[in-house]
A.B. asks: 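Got a structure here, written out as structure tokens. Questions coming.
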Amino acid sequence: MRVAIVIDIINAIFEFIFNVLNGALDPILTQLAEIGFREPVVQFMLINAILGLSIYMTLNCGLFSLANAGFMAVGAYVSVILTQKYDAEFGLSLLGGALAAGLVAIPIGLPVLRLRSVYLAIATIGFGEIVRIVVLNVDTIATDLFNPDEPIELTFGARGISRIPKLTETAHLVFFLILMGYLLYRMQRSRFGRAMTAIRQDEKVATTLGINVVYYKNMAFILGAMIAGVAGGFSGHATRIITPKDYGFDKAVDILAYAVLGGLGHWSGPIIGGMALKAIPERLRYLNEYTGALTGAVLLLIIIYLPSGLVSLGQPSFWRRGGRFEGARRLAGIGVALIVLTNMLPLRNLGSDEVLLGLEYWHLWGLGAGVGLIYWITSRQPASTGGRFSLPMSAVTGLLALGLIIAGLIGRIDQPGDGYYVLVFGLLLATAAGVIPYAPQHTETPPAEQVEGSHA
Amino acid sequence: MLELHHVSREFGGLAALCQVKMVVPQGKVVGLIGPNGAGKTTLLNCISGLDSPTSGEIIFDGTPIHSRSPHRITALGVSRTYQNIRLFKEMTTLENVIVGQHIHGRSTLLHSMFVWPYHWREESRLKKDALALLERFNIGSVAHVHAGTLSYGDQRRLEMARALATRPRLVLLDEPTAGMNAVETHQLGEQILRMHADGITVVVVEHDMALIGQVCDEVYVLNFGEMIANGAPQAVKQDPKVIEAYLGHED
């Protein structure tokens, strides 16, 4: 009896909160719909923002992890199965998804977090693929093992789960985002958050200051997984259909792009980045098959000129005349002009039947932009990165460009959207290699470092 | 307080440390000198847990620490600075010291999220202690400046302040005066003597013999991974083996 009363009270509190939020959101949503962002789009922007926070959690601790799409899949499947099969309340199913993702993160994190930088990225990509393949095959295997007579249907393999009740409301997302924003705001000013920042900046020093690096790294990984799990639950109940390929490698790269685009200097960066990466393609939607390529180009330009992400727009120094962001300001001007022009030109009439040498035009767009930018980035690197850019990495970027061309020629990129992912992935690889700095850089050159440790 | 028994550290076939014996008595300031590449930093890495000896024992206050992880060694009361300055450059001076006080805080993520009164009390206590520590090293005026923008001397002082923030009983200083002029070196020597007066045991790796003479009770000399001499600073300077290690010998 007591429990029932408590649940009633909690439900009443949430209902009140959501009523208030709905009241506040209504006029905003109407305004957004008028400029072309209808409610479903806004919901996906908010889900992206949550995903951005989940990867911020790990990146803020210096972990270059691409596992979040995998955890999103775990959260999505668990919470959808809970609501659909067991009629669980939406809130509880989200909690279930988050807990499941968190639990999966523990055995993954303990061994994998010993790896660093690109190696960790590769291992976590592997994890994402494992999740996808498990989801794909779990039905068949479970049927064979436990019940050969009657098929067990849990994830429905490649078909995915459909007819999911649409339970995600904008108010839920806003509420969760506010909650997470508060958590991160408090975290950055606490012992817990400081320990994580310390690990990101210098792991060895952090450990000799008494910080248990393994514990904090795993906590960051688990918290990030749980947030991704919630985002998965929300997205499953918003799209109404989930399939394993929604949470593949594309998604993992996409989530990382939110953080890189938004900036990692502040927790609001990934939120802004995630929203922008939904909003930009939406704005460019009228370009049809060129949307992906142009989004990629916009993304590249933003990252080249705003290496600390979109949050650097909030810095006073950005707006100062002749400052280090002069180029970015000029670029912003050109961008505005381009948007105005493209809105006037009848670009939308370029149909997909215009084919050159078996390539569609967007291939050329994507390839041209990718190769050109990679060439340009590599050619100007040595001076501007203070020596972080090394010859082997230049070879890697060169190979990447070559791969792009070959992939384009043999037609492996056969979906319009893929051009964008290829561009983004190339960019992220370059970022990982230190070609493009993704952490705030200091202009001062550090004192010449002596070789420390092994040969002292 | 700190005893090293037959400590060896080999990198592949190269012996960076070979059967090193060293005793650091409680409350003393012990110097560690030697030519470049003698293994001084490797020795400090072994003591602080960043590296572990291939063989031998390191005993701190009766506890063997040679196979402990660094953060647990710090919790026992060992702290260190680095030869090449390693501050958290994106944090302010004050935050650097507050991070150093990590093991003396107890507040968890939940405390800070629900704004427990305990969290505020702890935060203000840590901040007060950190500011006092900065004042002690005369860098209180730059408390809210990013550590990466501090002057070289201030960065060195901040490293020492951060090392003291863990409230250690043993401090390992790795070339604390590198790149400093004579006046700054002397001031730093006074800081080391102040630690000594506070009852902290100090091991200092140094090339500056004036500083060694100013602060050390005893000096150990390391050459090619072997301890070749130890004793009072003046006596060690006269030791023919030490002179040979630094200057080479006559044919």
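As the structure is a prediction and not an experimental result, all values here were calculated from the model. Each chain gets a letter, A, B and so on, in the order its sequence line appears, and its residues count up from 1.
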A.B. asks: Counting heavy-atom pairs under 4.5 Å to chain A, which of B:V99, B:N96, B:L126 comes out on top?
C.D. replies: B:V99

A.B. asks: Checking heavy atoms, do the side chain of B:R72, its backbone, both or neither come under 4.5 Å from chain A?
C.D. replies: neither

A.B. asks: Once rounded to the nearest 0.5 Å, what's the spacing between atom CG of B:L172 and atom OG1 of A:T208?
C.D. replies: 9.5 Å

A.B. asks: By side chain to side chain contact (heavy atoms under 4.5 Å, CB included), which residues pair with A:Y119, not counting sequence neighbours?
C.D. replies: A:L115, A:S117

A.B. asks: Just checking B:H71 against A:Y216, ring centres under 6.0 Å apart?
C.D. replies: no

A.B. asks: How would you list, in number order, the residues of residues 186-197 of chain A that have a heavy atom less than 4.5 Å from chain B?
C.D. replies: A:R186, A:M187, A:R189, A:S190, A:R191, A:F192, A:R194, A:A195, A:T197

A.B. asks: Between atom OG1 of A:T207 and atom CD1 of B:I73, what is the distance when rounded to the nearest 0.5 Å?
C.D. replies: 8.5 Å

A.B. asks: Rounded to the nearest 0.5 Å, what separation is found between the NZ atom of A:K204 and the CZ atom of B:R86?
C.D. replies: 5.5 Å

A.B. asks: By side chain to side chain contact (heavy atoms under 4.5 Å, CB included), which residues pair with A:L21, not counting sequence neighbours?
C.D. replies: A:I17, A:F18, A:A171, A:V174, A:F175

A.B. asks: With rounding to the nearest 0.5 Å, note down the distance linking NE2 in B:H102 to CG in A:L209.
C.D. replies: 9.5 Å

A.B. asks: Could you pull out the closest heavy-atom pair between B:I103 and A:G210, with the gap in Å?
C.D. replies: CG2-O, 3.4 Å

A.B. asks: Checking B:E90 side chain against A:Q201 main chain: does a donor-acceptor pair fall under 3.5 Å?
C.D. replies: no

A.B. asks: B:Q101 versus chain A, heavy atoms under 4.5 Å apart: side chain, backbone, both or neither?
C.D. replies: neither

A.B. asks: Quick one: which residue pairs count as a side chain to side chain donor-acceptor pair (under 3.5 Å) with a foot in residues 95-115 of chain A, not counting sequence neighbours?
C.D. replies: none

A.B. asks: Under 4.5 Å heavy-atom distance to chain B, tell me which part of A:Y182 shows up: side chain, backbone, both or neither.
C.D. replies: side chain

